[in-house]
Structures are given as structure tokens and as C-alpha cells.
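Just so you know, ligand 1 is whichever comes first in the structure, and atom 1 is the first atom listed for that ligand.
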Amino acid sequence: MSVIEVRDLRKAYGGNKALHGVDLSIAQGEIFALLGPNGAGKTTCVEILEGFRHRDSGDVKVLGMDPELSGHGARQFRDRIGIVLQSTSDAGDLTVNETIRHFSGYYSKPRDPDEVVIAVGLEEKKDALIRSLSGGQRRRLDVGLGIIGSPELLFLDEPTTGFDPEARRSFWALIRQLQNSGSTILLTTHYLDEAEALADRVAVINRGKIIETSTPANLGGRATSLARVQWEENGVMREEFSAEPTGVVTRLSQKFTGEIPKLSIVRPTLEDIYLTMIGLEVGDTQ
Ligand code: ATP
């Protein structure tokens, strides 16, 4: 079942075509990452899906509804989604606990506020004023506010910017938990390792168009791309690219009769593939 269905979505700001002909289909329970460079159209796309921006044309269904609803329909829609925006809102004079409790009042079936505070790792800060939080702690609070309403669909716009590595890992665990409880998650991120760790599928968008939608493992032919085998020979680093690196290593191990000096086998990372795709696009259109 599709939670998000987008066909031929278009949006221009004056003469600037921010989205031209975007198609997306995201299934229930999926974690889907939208990847693209600055200005690619990610926020425009996501905010149209959230009902915050008007589209010029195209069919958009989110949880079976048109996000450009008003009145009762809009309230029903808001009750079923969670949003973590890029910029943090300022509620400086409230504590973490007060803020989470306050927001829980907007939803018909909120999660337990105490559980949410723990889930986002802010238990020690629950009585602290928002304005006294660090950047990363505020971001965790944003995530808490995004999930307080038990959303069926959660939008995360660059959720871990400013997180330290440990906080990112615990955030990923939280997102997987949400997925296990049935939520669908649409994520935008500039961290390719985050997309790899979390996403079932990724779409790469550049200049308002989706270049490819795939699993992180298969994007840009990654699964079948050549592996780089490196080793040291006579004091010099050597390398060979091969679709069958096992054969190369077997040959080398016979040659060295034992340990192959400084052996490594590396396949392209998601970031390598992504940068190649974005680079090729730029080259193609020049
Ligand atoms: P980033 O990774 O930097 O957040 P993005 O992929 O989210 O970028 P968008 O914010 O969707 O990109 O911007 C897409 C294009 O639309 C850009 O060229 C941007 O300058 C333009 N744009 C976005 N919002 C507006 C606006 N409110 N008015 C005019 N132009 C806009």
C-alpha cells in the first residue's frame, strides 16, 4: 500500500523550476531517503507533501489525501503526520517536559510524553529551559515533537545535523523502532552514511528531477561496480580494478605465498556513487 504517491509534480518560483516532473511512490512501513545537493528541490518537494507549499501541477496523495486540504480535512491530515523541520523553533521559556506535554495536546492519540523524552535521550534535561539546550539537544527535542503524535508518516528534514556520533547512532535506533511500530518515514539528509544505515530505498534528486530511485546497495549500479584491490609490492602500492576480486586475491596469495602486504579490497561507497551521479548530471547538462 502506498503512503505517498506523486505523479508529475511541478513547482516553479518565478522562472526558477524547482521541481519539474517528479514521480515518487513510497510504501507503508518504508524508510525512504531523498538525497540531493543544495537547491536540488528536496525541501520544496517535502513541504508540498506536508501541505505547507502550493504545487503548480501534478497529482499528490499522502495517506490517501491531498495535502492541500483545509478545515476538518487538514486537521485530520495533521493528526496523522509528524514533521521535523530543518530549522528549530524557539520556545525559550518552556522546559523540555512542558514543551513535549504542550505539543501532545494537539494530537488525538499522542505517545506518552515521558516515554518520548527518554526515547530522544533528553531525560537528564527534562526540566531544563529550551534556551539552555545545546544545538544537538534542541534537535533531539525537535525529533521528540515530530513523534509525539504517534505519526503514521514522519517527515525528517536533515534530522541529525549537529548531532555527535553517539547521538546519531541512538537516533537511528529510534527511527528503526518507529519503523518497526509501523510508521513510514521520509528523510532528507546530506549524510550518505545515514541514508545507507536507515533507508530501504533512496531517490537522488538534482535540479528538480529524480535521477534514480533504488536501494542504497544498488544505486548507480553499485552492487555490480568494480572493486579496487590494493596491495604493496616491492615497496610500491599497486591496485587493480575487478568484478571478481576473489580471483585477484587468489592469484596474489599464490604469488606472495602467504600474507599479501597491505591488502585492501574496496567497493564504492554510497557517497562515491552519489557524487558520480551528481557530477555526471552536471556534466551532461552543460
Ligand atoms: P538544501 O539542501 O539546500 O536544503 P533543497 O534541495 O531543499 O536544498 P529547495 O529549498 O527545495 O532545495 O530549493 C530548490 C530551488 O528552489 C532552489 O533553487 C531555491 O533557490 C528555490 N527556492 C526554494 N524556496 C524558494 C522560495 N520560497 N522562493 C523562491 N525560490 C525558492
Side-chain angles (χ1 to χ4, degrees), residues 4-26 31-60 62 66-68 81-90 135-136 138-139 142-143 145-146 153-163 168 171 175 184-199 201-214 216 219-220 269-286:
I4 292 177
E5 230 11 274
V6 173
R7 288 284 161 268
D8 200 22
L9 175 59
R10 288 167 193 270
K11 169 80 182 173
Y13 301 101
N16 178 6
K17 289 181 182 169
L19 298 176
H20 44 129
V22 166
D23 296 326
L24 274 181
S25 183
I26 302 177
I31 299 181
F32 191 95
L34 201 50
L35 309 175
N38 292 136
K42 301 179 299 294
T43 304
T44 300
C45 179
V46 169
E47 292 196 353
I48 288 172
L49 301 179
E50 293 167 345
F52 287 142
R53 281 196 210 192
H54 175 70
R55 63 186 184 269
D56 295 340
S57 63
D59 296 323
V60 177
V62 178
D66 186 328
E68 277 189 41
I81 65 169
I83 297 176
V84 178
L85 294 171
Q86 245 182 56
S87 55
T88 51
S89 56
D90 214 56
R138 276 192 184 215
R139 204 74 195 114
D142 288 332
V143 174
L145 298 178
L153 169 63
L154 180 63
F155 293 98
L156 296 169
D157 200 358
E158 295 178 27
T160 60
T161 304
F163 278 30
R168 289 180 75 213
F171 170 79
I175 295 305
T184 305
I185 291 148
L186 175 57
L187 166 81
T188 68
T189 183
H190 287 292
Y191 298 120
L192 279 295
D193 60 337
E194 182 157 285
E196 177 128 52
L198 285 179
R201 285 191 305 145
V202 298
V204 176
I205 183 169
N206 197 14
R207 300 178 179 201
K209 277 193 171 159
I210 303 248
I211 308 171
E212 191 180 334
T213 304
S214 182
L219 191 78
T269 62
L270 185 58
E271 184 157 300
D272 295 333
I273 294 288
Y274 165 81
L275 289 173
T276 306
M277 288 175 88
I278 298 298
L280 280 180
E281 266 295 293
V282 172
D284 283 351
T285 51
Q286 272 172 351

Among D157, T189, T188, side chain to side chain contact (heavy atoms under 4.5 Å, CB included) partner for K42:
T188

Name of the residue among I210, L24, V60 meeting side chain to side chain contact (heavy atoms under 4.5 Å, CB included) with L9:
V60

Location of contacts on R53 toward ligand 1, heavy atoms closer than 4.0 Å
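It is the side chain that touches ligand 1; the backbone stays farther off.
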
Quick test of your reading of the model: are R55 and D66 salt-bridged, counting only N-O distances below 4.0 Å?
yes

Could you tell me which atoms of ligand 1, counted from 1 in the order shown, lie closer than 4.0 angstrom to a heavy atom of H190?
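Answer for ligand 1: 2 (O).
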
Numbering as shown, the atoms of ligand 1 that approach N38 to under 4.0 Å (heavy-atom distance)
1 (P), 2 (O), 3 (O), 8 (O)

Check for me whether E47 has a heavy atom closer than 4.0 Å to any atom of ligand 1.
no

Strictly under 4.0 Å, does any heavy atom of P37 approach an atom of ligand 1?
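Checking ligand 1 against P37, which is what was asked, there is a heavy-atom contact under 4.0 Å.
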
Check whether any side-chain heavy atom of T269 sits under 4.5 Å from a side-chain heavy atom of L192, and report yes or no.
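When only atoms from C-beta onward are counted, L192 and T269 do not touch, as no gap falls below 4.5 Å.
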
Evaluate the side-chain proximity of N206 to P37: yes if any heavy-atom separation is below 4.5 Å, no if none is.
yes

How far apart are the closest heavy atoms of Y274 and G36, and which atoms are they?
OH-C, 3.0 Å

Output yes when the distance from some N or O of ligand 1 to some N or O of [X] is under 3.5 Å, and no in every other case.
X	answer
G36	no
A40	yes
C45	no

